[in-house]
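This structure is in structure tokens; I'll ask about it shortly.
These values consider heavy atoms only, across backbone and side chains, with no hydrogens, waters or symmetry-generated copies. Residue numbers run from 1 in the order of the sequence given. Quick caveat: nothing in here was measured; it's all calculated off a predicted structure.
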Amino acid sequence: MSGKADSSSLARRAGRTADGAATSSSAGSGSDAVAGTRSNENSGAAYRALFDMSRLLNTGLHYEELRICTHLIEAGVNPEALAKVVRHLRSTAETVRAQQQQLAMGPDSAAADDDDTA
């Protein structure tokens with residue numbers, strides 16, 4: 001199954017078309033408002049199920065991050081390209097954290113490390 005097909009089925013369950021427009025079951029007023037409420041409940045349930053699968057697959061994405069990624073894919077972003085961007089951002093964040101830790105230790109700890117290796 002392709003990423004586009006997956007996002008389209010999720011979008012339908014969420015009461016939206018693949019391009020993000022509201023479907024007739026979630027738009028309108030009166031009795032449609034009840035259907036819209038059910039659609040919102042179904043949307044929440046679909047995202048919770050998707051999040052549970054994400055956790056089982058150890059993606060490391062938080063709930064809101066997963067929602068953002070899903071919305072981007074629904075908007076037409078290539079899922080493989082999005083995955084590469086997420087991996088790159090994580091790698092960059094790890095590098096920055098490591099550099100911040102080194103700076104927090106100060107120059108004395110770097111000199112001590114050099115003395116240990118000599």
*Look up atom CG in N78 and atom CG in L72, then write down how far apart they are to the nearest 0.5 Å.*
11.5 Å
*Should L61 and V85 be regarded as members of a common hydrophobic cluster, given that ILVMFWY residues are connected when their side-chain heavy atoms come within less than 4.5 Å of each other, either directly or indirectly?*
no
*For S54 and L50, indicate whether the former's side chain and the latter's backbone hold a donor-acceptor pair under 3.5 Å.*
no
*Closest heavy-atom contact between Y47 and E74?*
OH-OE2, 4.2 Å
*Straight-line distance of E80 CD to L82 CG, nearest 0.5 Å*: 11.0 Å
*asked:* Return the SG to CD distance between C69 and E65, rounded to the nearest 0.5 Å.
replied: 7.5 Å
*Atom pair CE/CG of M53 and L66 - distance to nearest 0.5 Å*: 9.0 Å
*Atom CD of Q100 and atom OG1 of T95: how far apart are they, to the nearest 0.5 Å?*
11.0 Å
*asked:* Around atom CD of E64, are there more than 12 heavy atoms from other residues, nucleotides or ligands closer than 6.0 Å?
replied: yes
*With rounding to the nearest 0.5 Å, note down the distance linking CZ in F51 to NE2 in H62.*
8.0 Å
